[in-house]
Amino acid sequence: MPTTRRLLLISTPVGPLGSGLGGGVELTLQNLCQGLRARGHRVTVAAPEGSALAGVPVVEVAGQLQPTAHTQGRNTPITLPGDSVLGNLWRYARQHQGEFDLIVNLAYDWLPFYLSEFFDTPVAHFVTMGSLSEAMDEAIRQVARQFPGRLGAYTRTQADTFGVANTFVILGSAIDLAQYDFCASPGEALAWMGRISPEKGLEDALEAAAMAQVPLKILGKLEDANYWQRLCDRFPEAADCYLGFLPTAELQQVLRQCRALVMTPRWVEAFGNVAIEALACGVPVIAYARGGPAEIVQPGVTGWLVPPDDVPGLATAIARIDQLDRQACRRQAETDYSLDALAARFEQWFESIIQALER
Ligand code: HBI
């Protein structure tokens with residue numbers, strides 16, 4: 001039986017858990033807590049007020065939300081709003097650090113990395129996106145220098161973007177497979193899922209679906225209204241394809257009946273949780289060979305990888321969906337992306353940090 005650890009997980013400051021503003025990290029946090037608790041660890045989450053997490057005690061912290069990092073430029077200075085929730089989250093962590101064996105940061109923000117050396121309780125950082133800014137890269141490299149082994153990432157590709165990859169522990173992701181039902185005989189439509197924001201490249205999926213003359217279903221949080229309006233101007237049918245930001249139960253009902261999921265990331269997608277949600281339903285993944293999806297898809301079996309930004313290549317892959325194996329998709333999810341597999345990887349990472357201190 002593994003040693004029971006007292007873990008404080010500190011969430012993203014961009015929005016309350018459950019709002020969808022935190023994107024994939026909300027799902028990661030939910031699944032990680034569920035998996036770690038099932039393995040006997042005592043997990044506490046600190047997050048912006050209004051957060052909710054099934055079955056996990058959440059310390060709700062007040063304060064002004066942090067601007068999202070993925071809309072800033074590479075040389076944007078670090079900003080903190082007045083009464084910042086980020087600052088308040090880390091004041092809570094410092095005051096209560098003695099109650100925990102390890103603090104785990106899930107915010108993609110400068111402050112937690114900078115503060116690491118001022119804490120007595122070790123701080124592990126799970127980095128949730130690829131390189132986005134000079135200031136964040138430097139903060140991450142500082143932790144790599146001072147505390148090698150305390151940086152975690154979803155994928156090797158994502159870690160490589162920071163130039164200190166050999167100091168990252170690669171953890172992958174997971175979903176609660178019990179919430180996804182396998183479907184052997186889908187309908188005609190393709191699916192596209194994700195935050196509707198420029199870096200996700202929805203226009204390419206709309207263009208490829210039109211080329212292949214296959215209907216597309218769009219699911220996800222409408223994050224950038226101006227961008228969406230431009231898409232609707234260019235693709236009049238887009239508004240009819242959009243089904244909104246659905247809770248998992250309703251999302252998987254739509255997803256499982258699709259012939260494939262199309263992923264068109266413009267940026268280095270750190271992981272792409274939507275890829276394993278599709279696999280869990282038996283839905284193969286057609287993705288640009290860029291970032292996380294390139295480390296998930298097994299070409300010719302559970303999906304197709306397409307040269308990045310090659311829209312005709314997407315249409316060609318769409319025409320070859322029938323060569324893929326929906327049962328193999330579900331099996332891959334069960335082997336690599338179950339909650340227990342993820343929790344076991346994180347537990348091993350945490351033990352390596354804690355035991356390094358006990359020597
Ligand atoms: N931006 N400043 C900031 N902090 C975050 O933690 C953050 C973000 N943008 C997006 C985001 N987190 C998540 O959607 C990704 O980590 C998945």
Side-chain angles (χ1 to χ4, degrees), residues 9-32 45-48 51 53 61 63-81 84-90 93 103-115 123-140 143 151-155 157-159 161-162 168 171-175 193-200 220-224 227 245 263 265-277 291-293 296 342:
L9 277 60
I10 303 192
S11 182
T12 171
V14 298
L17 287 170
S19 69
L21 287 171
V25 77
E26 289 193 29
L27 198 61
T28 298
L29 196 57
Q30 170 83 54
N31 293 328
L32 185 53
V45 171
S51 291
L53 206 51
V61 174
Q64 291 300 311
L65 296 178
Q66 187 68 19
T68 57
H70 63 277
T71 56
Q72 321 267 320
R74 283 210 63 84
N75 296 302
T76 306
I78 296 298
T79 59
L80 281 174
S84 113
V85 70
L86 181 62
N88 296 340
L89 281 164
W90 285 87
I103 297 168
V104 187
N105 169 48
L106 287 106
Y108 192 93
D109 288 282
W110 178 85
L111 185 66
F113 292 87
Y114 182 78
L115 290 177
V123 180
H125 297 276
F126 184 64
V127 180
T128 60
M129 295 186 278
S131 167
L132 285 180
S133 73
E134 299 307 319
M136 276 302 291
D137 287 7
E138 177 43 41
I140 287 168
V143 170
L151 293 170
Y154 287 115
T155 58
T157 319
Q158 176 210 351
T161 64
F162 297 105
F168 272 84
L171 293 140
S173 184
I175 50 174
M193 301 198 308
R195 286 180 292 108
I196 297 183
S197 181
E199 73 276 6
K200 299 281 187 178
K221 183 137 185 90
L222 211 174
E223 189 174 87
D224 183 328
Y227 169 66
F245 172 60
M263 294 187 74
R266 287 258 181 279
W267 65 344
V268 172
E269 188 74 44
F271 187 78
N273 273 318
V274 297
I276 58 179
E277 293 185 286
I296 296 169
L342 180 76

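Indexing begins at 1, ligand by ligand and atom by atom, following the structure's order.
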Within the protein, residues bringing a heavy atom under 4.0 Å of ligand 1, chain by chain: T12, P13, V14, G22, G23, G24, V25, Q66, P67, T68, A69, H70, A107, Y108, D109, T128, M129

Heavy-atom donor-acceptor pair, Q158 side chain to M129 backbone, under 3.5 Å: yes

Ion pair check, E199 and R266, cut-off under 4.0 Å: no

Crowding at OH, Y227 (>12 non-hydrogen neighbours, <6.0 Å): yes

Set of side-chain hydrogen bond (donor to acceptor under 3.5 Å, both in side chains) partners for Q64, sequence neighbours left out: none

Side-chain (N31) to main-chain (A174) donor-acceptor, under 3.5 angstrom: yes

Expected output: side-chain S11 to main-chain A47 donor-acceptor under 3.5 Å: no

